[in-house]
Every structure is written in structure tokens, then in C-alpha cells.
2 protein chains.
Amino acid sequence: MLFHFKDQFPHLSTYWDKYLPHQKRLEVPAKTILLEEGKVSQQYIYIEKGCVRAFFNNNGDDKTLQFFFENEGLTSLPSFVNDTPSDITIETLEPSVIYLLPKKYVSQLMDEVSHEPGFLKMMLQIFARRQMHYSSLLISFIRDTPEQRYQNLLTERPHIVQRIPQHYIASYLGVSTVHLSRIKSKLAKGKPHF
Amino acid sequence: MLFHFKDQFPHLSTYWDKYLPHQKRLEVPAKTILLEEGKVSQQYIYIEKGCVRAFFNNNGDDKTLQFFFENEGLTSLPSFVNDTPSDITIETLEPSVIYLLPKKYVSQLMDEVSHEPGFLKMMLQIFARRQMHYSSLLISFIRDTPEQRYQNLLTERPHIVQRIPQHYIASYLGVSTVHLSRIKSKLAKGKPHF
DNA sequence: TAAACTCGATAACATATGTTATCGTTACGC
DNA sequence: GCGTAACGATAACATATGTTATCGAGTTTA
């Protein structure tokens, strides 16, 4: 959060600089849990290297909601803001380098910076974008078949398909691994690439 | 928007009062289009009596996103804010009494009221709530079967099931009318009510 | 290197859901 | 009142998707 804002709103950078030293740097292997479903989010997560996924567990099988990569920040917003148990788990998919900023510093920073004229407009932008993201995802779920969603992923976010193991992709698309395999082989037949 | 805010933030009511006279009152029959897909949203819609639905068209069949009832306000936010063509259609489902407030007054009101200390916090609340709504809808689509979603609707928003014709409910749940009928008869078998 | 594990493909079968068509009921315009 | 359209139930069939099991190729670990 704080971190990409720094690029977008350089005039507020003195605030960011003041708090960056409070971050904790971590090098972790793949499959490390950064936030566990049911616990309260205590820090904001920033990814320097590697990637993570956010998912929730439903009767033993994972449902992946989102992937995050280098230079992205995340947390469970409702848990972080309201001190409620998180409904999602966040785990690394590759060996990663991440930074954690404890919640109390985030709050302090928010309080300080909220007096800045640009800040609230910025927050609105963030929220509007986030809403767009969720609503377009929702619309895609309602409107498109899994095959279309997979093709969208291929054209619009190919780095995900290249980098993420396929069964996580299936979980993200909302289909079984078997069915994603079928989709792929069907597409391969229709469009030979030689 | 403006209208429920008036209840929640009475200290800002002088602002609302100033702009309410600019609304246009309309009595319309059922199936009246209030905003058409592809056109730019020009006014904010408030429902005094009746109900409407927001939907988009996909190859001839409707996909309903949301229902709105008395004392609720709506518009296509992206279209309204960015002057872009709306991706949804808004139409009445019953004979309705609605109020329209042209966009220019909404903008003026926003500008005036944005200096109020409470305003931006209020906007953040609104957006956070909206995001929760979208994300929980999305999670429900990912996690639950149509049957579970229908039961959720029955328990959490029974007024919708009672009031809205069933084929719109099917469109809202993302299933065919036939399948919703099957779901209902299956539930009726499991739980006889005599 | 052997064993264990991860990942992905595929087949066979089961279930969920869509499509089309038909029918009966109700509501509504004329 | 009559004709028509809207609404919903149901059947028959087609397609999409899930489940389970098996196989094989890499990778990691001891």
C-alpha cells in the first residue's frame, strides 16, 4: 500500500521515508504462511522478490482469490482494518523476500498523512480501482465459461500462467485440475502452433 | 447516494436540502429503462417506490447483477464518474416512483461538501462497504453451488425471493430458469411444510 | 542413487447444469 | 370476455464439469 503510493505520490514521500525503517525483512522458502485464516492480520506485507497467493479453504480444497508478485503489497484488508479474524490465508509460492510493516506504524502513518490534501483523493482512487477489479472479476465469473476465463488469463496476464503451477491456476479459475487440463488440450488441438 | 447519507450524517443535511429541489420526479411503469447499456449515465437515480434491477446483456440473455428497492439510490458508478459508456442497463421491475438528480448538481454538491471534515471518512466507509459487498458476492460465486446461493438468498434476503419474478432470480444466481425450478422442487421435497 | 513428493495428462464414470419443447396458470390489454 | 403475453413447472436430451484412479516425468530429500 504505502509502497506503490510512494511512486504515485512523490510529494508525500517524506512520510513514507519516515516509516520504511520499521519494516522487517524476511527471506522465506516456498509455501510459507504469511497470514493464516482465522488469525488477525498484524502487518502489511510487501513483496520484494517472489510471489504469493491469497486463498480460503472450503471443505479441504483451496479456492485461490488472487496472486501477488514483486513490488506489490497486500494484507487482508477487513482483518487489518477491523481487527477481525482473516477469512483468507496468504502463502508464498516461491522462495521470497518480503517486508513486513506492523500495523501500529501503518495506523500512525495513516493518521499523520490523512491531513494532507491529496491523501483522501488518493484513497478514493485506490478504492475505486479495487472495486473495478472485484466487479470485473465477478462479471467474468458470471458471464464467461472457464475456458474463456483461461484465455483471458493467457492474453491479459500471461505472466501468471507462465509462472504459477497449474493447479493453483485451476483453483483460481474455479475449476478442477482435471478440467483445466482438458481445456488446455482442447485449445492445443484447435490451434496447433507449428 | 446523497439520500441515505442524509440519514447517516444529519450534520451535513443543509447540503442535501439545497440540492433536493433539483431532482426530477418520475412515475414510470414496469420495464422502463432508466439507463441503457452503452450510454453515459447522466443522473443519479433514487427509488421512492418500486424496484429496479441492474443487468448486462450477453449474447441475448440477461445477467442480473443487483436489485434495488425503496429508499435506495444507484447509478453506474464508473459511467457516472468517468463519462464512459455504461456497461449495464437499469430498468424498473414494477411500476415505480423515482427521482433523478442530474450529474452536474451531484458534482457541485460533491465539491461543496468535500471540505467538510466528515465527508471523506464517509466516502471511505461507503467504498469499504461496497467492496465487502462485491467481494462476498464473488466468494459466494466461487465457493457455493447455485442451490446454496439460493438458500442464502432465502434466509438473508427473503424479500427478494418474495417480490422478484423467478426468472430474474435465476439470472441473478447465474443459472437457467429451468435449473432454478429444479432447485426449488428439490428443496420442497426435502422439507415438506405441512 | 533410491525414495518420496510435486506436478500434470488422461480415461472412465458420475453429477450438475444448460437447451429446447410442452403444458398449465395467471395477469393484462383491448 | 377473449386473446395474448408473462410466468413457472416439467420432461428429454445434450453438454460441461467434478471425482477418482492411474501413469509418467521432473525435483527434492535423505
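Reminder, nothing fancy here: chain letters follow the sequence lines and each chain counts from 1.
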Inset, instruction - Kindly indicate, with the supporting measurements, whether the criterion salt bridge (charged side-chain N to carboxylate O under 4.0 Å, His left out) is fulfilled by B:Glu27 and B:Lys49. - result: CA-CA 9 Å; B:Glu27 294 192 29; B:Lys49 177 81 191 108; over 6 Å; no
Inset, instruction - Check A:Glu91, A:Glu72, A:Glu94 against A:Arg53 for a salt bridge (charged side-chain N to carboxylate O under 4.0 Å, His left out) and give me the one that passes. - result: A:Glu91
Could you go through nucleotides 28-30 of chain C and list every protein N or O atom that sits under 3.5 Å from one of its N or O atoms, giving the distance for each pair?
none

Inset, instruction - Would you kindly give the CD-to-P distance between A:Glu94 and C:dC7, to the nearest whole Å? - result: 12 Å
Inset, instruction - Is it possible for you to check whether B:Arg149 lies under 6.0 Å from the centre of the six-membered ring of B:Phe141, through NZ or CZ, and within 45° of that ring's axis? - result: yes
Legend entry - Heavy-atom pair of closest approach, residues A:Phe68 and A:Ala54: CE1-CB, 4.3 Å
Legend entry - From OG1 (A:Thr177) to CD (A:Gln166), nearest 0.5 Å: 8.0 Å
Legend entry - Degree of bending, the helix from C:dT1-D:dA30 to C:dC30-D:dG1 (end axes from five pairs; round to 10°): 40°
Legend entry - Nearest heavy-atom neighbours spanning B:Ile98 and B:Ile47: CG2-CA, 4.4 Å
Legend entry - From A:Lys63 atom NZ to A:Leu173 atom CG, the distance as rounded to the nearest 0.5 Å: 11.0 Å
Legend entry - Interatomic distance, A:Lys186 NZ vs C:dA9 P [rounded to whole Å]: 16 Å
Inset, instruction - Give me the first and last nucleotide of DNA chain D, going 5' to 3', that has any atom under 4.0 Å from a heavy atom of chain A. - result: D:dT17 to D:dT20
Inset, instruction - Over all heavy atoms of both residues, which pair between B:Pro29 and B:Thr92 is shortest? Give the atoms and the distance, please. - result: O-OG1, 2.9 Å
Legend entry - 5'-most by nearest nucleotide on DNA chain D - A:His179 or B:Lys31: B:Lys31
Inset, instruction - Give a yes/no verdict on a cation-pi contact between A:Lys103 and A:Phe80, requiring under 6.0 Å between NZ or CZ and the six-membered ring centre and an angle within 45° of the axis. - result: yes
Inset, instruction - Using heavy atoms to find the nearest nucleotide of DNA chain D for B:Leu180 and A:Ile183 separately, return the residue whose nucleotide is more 5′. - result: B:Leu180
Legend entry - Distance (rounded to the nearest 0.5 Å) between B:Thr32 OG1 and B:Leu26 CG: 9.0 Å
